[in-house]
Amino acid sequence: MALPGARWECQDLDTLTFGACSNFGGFGDRFIELGKWRLAAIDETHFSISHQDGQTPQIFRADGVMISGRTDYSAWHRPKGFPSGITFGSAFIQVGNFRLGDGDGR
């Protein structure tokens, strides 16, 4: 007996980015938006996690330094649009020069 598929509000990437589900998330130039948070490559050497309220709780530098508790290095000034500078691969997402992924294969 086949079960019916799960109900999913967003039918495709375009709907997720520009349509009815745009309150959940979206994309733009080197950022991914999840709710009120943005994960963004700010430039070639800085990646940040920033909140819509203006806080940037974490900045990662390309040299490995982590900086906490700032209000700059945010991507909230960038408009939503085509997800340029974002690549999806096997067990990783790359945003600009920064790669987020499964480091140990588990």
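Residue numbers run from 1 in the order of the sequence given.
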Roughly how far, to the nearest 0.5 Å, is the CZ atom of Phe31 from the OG atom of Ser84? 9.0 Å
Which residues share a side chain to side chain contact (heavy atoms under 4.5 Å, CB included) with Thr45, sequence neighbours left out: Asp43, Ala62
Side-chain donor or acceptor of Arg30 paired with backbone N/O of Ala41 under 3.5 Å: yes
side-chain hydrogen bond (donor to acceptor under 3.5 Å, both in side chains) partners for Gln52, two or more places apart: none
Mind checking who shares a hydrophobic cluster with Ile67, ILVMFWY linked at side-chain heavy-atom distances under 4.5 Å? Ile42, Ile59, Val65, Tyr73
Would you list the pairs meeting ring pair (Phe, Tyr, Trp, His ring centres under 6.0 Å) in which at least one residue belongs to residues 87-106, sequence neighbours left out? Phe47-Phe98
Going by the rule salt bridge (Lys or Arg N to Asp or Glu O under 4.0 Å), which residues pair with Asp53 if we only count those two or more places apart in sequence or in a different chain? none
Where at least one partner belongs to residues 93-104, residue pairs that pass salt bridge (Lys or Arg N to Asp or Glu O under 4.0 Å), sequence neighbours excluded: Asp104-Arg106
Gly25 and Lys80: which non-hydrogen atoms are nearest, and at how many Å? O-NZ, 3.7 Å
Using a 3.5 Å distance criterion without hydrogens, assess whether the side chain of Arg38 forms a donor-acceptor pair with backbone atoms of Ala75. yes
State which residues pass side-chain hydrogen bond (donor to acceptor under 3.5 Å, both in side chains) with Thr71; sequence neighbours excluded, sorted by chain then number. none
Could you tell me whether the side chain of Arg61 reaches within less than 4.5 Å of the side chain of Met66, counting heavy atoms only? no
side-chain hydrogen bond (donor to acceptor under 3.5 Å, both in side chains) partners of Ser68, counting only residues at least two apart: Gln58
Which residues satisfy the side chain to side chain contact (heavy atoms under 4.5 Å, CB included) test with Ile32, sequence neighbours excluded? Phe27, Leu34, Ile86, Ile93, Val95
For the pair Glu44 (side chain) and His46 (backbone), establish whether a donor and an acceptor sit closer than 3.5 Å, ignoring hydrogens and angles. no
For Trp37, which residues count as a ring-ring contact (aromatic ring centres under 6.0 Å, His included) partner, sequence neighbours excluded? His51
Sequence-distant partners of Ser74, side-chain hydrogen bond (donor to acceptor under 3.5 Å, both in side chains), two or more places apart: Ser50
Sequence neighbours excluded, which residues qualify as salt bridge (Lys or Arg N to Asp or Glu O under 4.0 Å) partners of Asp72? Arg70
